[in-house]
Amino acid sequence: MKIGLTGDTHGSMQAMRRVIAAAPPVEQWLHTGDYGRDALYLKAQTGLPVTAVAGNCDVGDNSVNPDEFVTIEGFNIWLLHGHRYLHGGDPQELVWWAHKLEADIVVFGHTHVPLVKWYGDVLLINPGSPAKPRSAEGATFGVLNVKAGQKPTAEIIKLAAL
């Protein structure tokens, strides 16, 4: 199963349209927050299921939770923004919590910097930001591939410069 990953879209419908246009065929989307309500646009435009969380810029928006846990193809995925756990930008705290929460995969945002990295038996993925990137990669989103009985993989997809 292919799962689209985005977040830190900050209300930019232009960024959302660019992600949708560049995405390979996916079966659902995960949105890492900032702005979690952008997931409504994503769902309306793609017709696919979308799970979203609240970020630090979603204060007062009770339409999304700060964390979500989904199980897909037997993998426990912890979806969060990250601002409550990335003290000093060190992802090791996410790994510690992933073990406590029995998550196999952690999908997070907040830093606007893409990341796909295994920390032992935990896969951490940050799709970056299509709206306000903070890395040399520029505007990005991600795709997670999961299939029961196989090691998950993920890729970061760079959006073409405007």
Side-chain angles (χ1 to χ4, degrees), residues 1-10 15-16 18-20 22-36 38-39 42 50-58 64-161:
M1 170 179 271
K2 283 189 181 290
I3 304 160
L5 310 172
T6 193
D8 291 301
T9 50
H10 291 274
M16 297 294 292
R18 292 178 68 212
V19 166
I20 293 166
V26 297
E27 296 172 61
Q28 70 181 63
W29 285 92
L30 301 179
H31 191 289
T32 64
D34 280 358
Y35 296 167
D38 289 350
L42 187 58
V50 180
T51 303
V53 294
N56 56 299
C57 293
D58 291 313
V64 285
N65 294 320
D67 302 83
E68 290 286 349
F69 297 89
V70 294
T71 301
I72 302 171
E73 292 285 321
F75 294 98
N76 295 323
I77 302 170
W78 177 28
L79 175 65
L80 68 153
H81 186 63
H83 61 293
R84 297 177 175 195
Y85 301 92
L86 289 169
H87 303 107
D90 184 3
Q92 283 299 126
E93 188 170 354
L94 293 175
V95 175
W96 185 88
W97 278 106
H99 285 122
K100 288 288 264 190
L101 299 169
E102 299 180 356
D104 305 300
I105 302 167
V106 179
V107 179
F108 69 102
H110 188 57
T111 66
H112 297 218
V113 177
L115 172 75
V116 173
K117 186 171 181 180
W118 283 95
Y119 288 81
D121 58 347
V122 176
L123 177 59
L124 294 188
I125 308 166
N126 185 325
S129 173
K132 297 182 177 188
R134 295 181 186 151
S135 72
E137 287 90 350
T140 58
F141 69 99
V143 174
L144 170 63
N145 300 290
V146 291
K147 185 173 183 180
Q150 295 183 9
K151 189 173 183 175
T153 61
E155 64 180 311
I156 299 299
I157 299 175
K158 298 177 189 180
L159 293 170

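For clarity, every value in this text was computed on a predicted model and none was experimentally measured.
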**Request:** Would you confirm whether the ring centroid of F108 sits within less than 6.0 angstrom of the ring centroid of W97?
**Result:** no

**Request:** Among K100, H99, Q92, find the residue that satisfies the side chain to side chain contact (heavy atoms under 4.5 Å, CB included) test when tested with W96.
**Result:** K100

Can you tell me how far apart [atom1] ([X]) and [atom2] ([Y]) are? Round to the nearest 0.5 Å.
| X | Y | atom1 | atom2 | result |
| --- | --- | --- | --- | --- |
| Q28 | L144 | CD | CG | 9.5 Å |
| W78 | D104 | CH2 | CG | 13.0 Å |
| R18 | L159 | CZ | CG | 4.5 Å |
| T32 | H112 | OG1 | NE2 | 8.0 Å |
| I156 | K158 | CD1 | NZ | 10.5 Å |
| E137 | L115 | CD | CG | 10.0 Å |

Looking at [Y], is its backbone amide N or carbonyl O close enough to the side chain of [X] to form a donor-acceptor pair, meaning the two atoms are under 3.5 Å apart?
| X | Y | answer |
| --- | --- | --- |
| T51 | L30 | no |
| E73 | A148 | yes |
| N56 | H83 | no |
| D8 | T111 | no |
| D58 | D34 | yes |

So, do [X] and [Y] sit near enough that their side-chain heavy atoms are less than 4.5 Å apart?
| X | Y | answer |
| --- | --- | --- |
| L123 | V116 | yes |
| H10 | C57 | yes |
| I3 | V146 | yes |
| N126 | V113 | no |
| P91 | V106 | no |
| I105 | I72 | no |

Taking all non-hydrogen atoms of both residues, which atom of [X] and which atom of [Y] are closest, and how far apart?
| X | Y | value |
| --- | --- | --- |
| Q150 | F75 | O-CZ, 3.0 Å |
| L42 | M16 | CB-CE, 3.6 Å |
| G7 | P127 | N-CG, 4.4 Å |
| T140 | G128 | OG1-CA, 3.4 Å |
| A103 | V122 | O-CG2, 4.0 Å |
| S135 | P114 | OG-CD, 3.4 Å |

**Message:** Can you tell me how the ring of H110 sits relative to the ring of H81, calling it parallel under 30°, perpendicular over 60° and tilted otherwise?
**Reply:** perpendicular

**Message:** Evaluate L80 against L94 for side-chain contact (heavy atoms from CB on, under 4.5 Å), listing each step before the verdict.
**Reply:** CA-CA 10 Å; L80 68 153; L94 293 175; 3.8 Å; yes

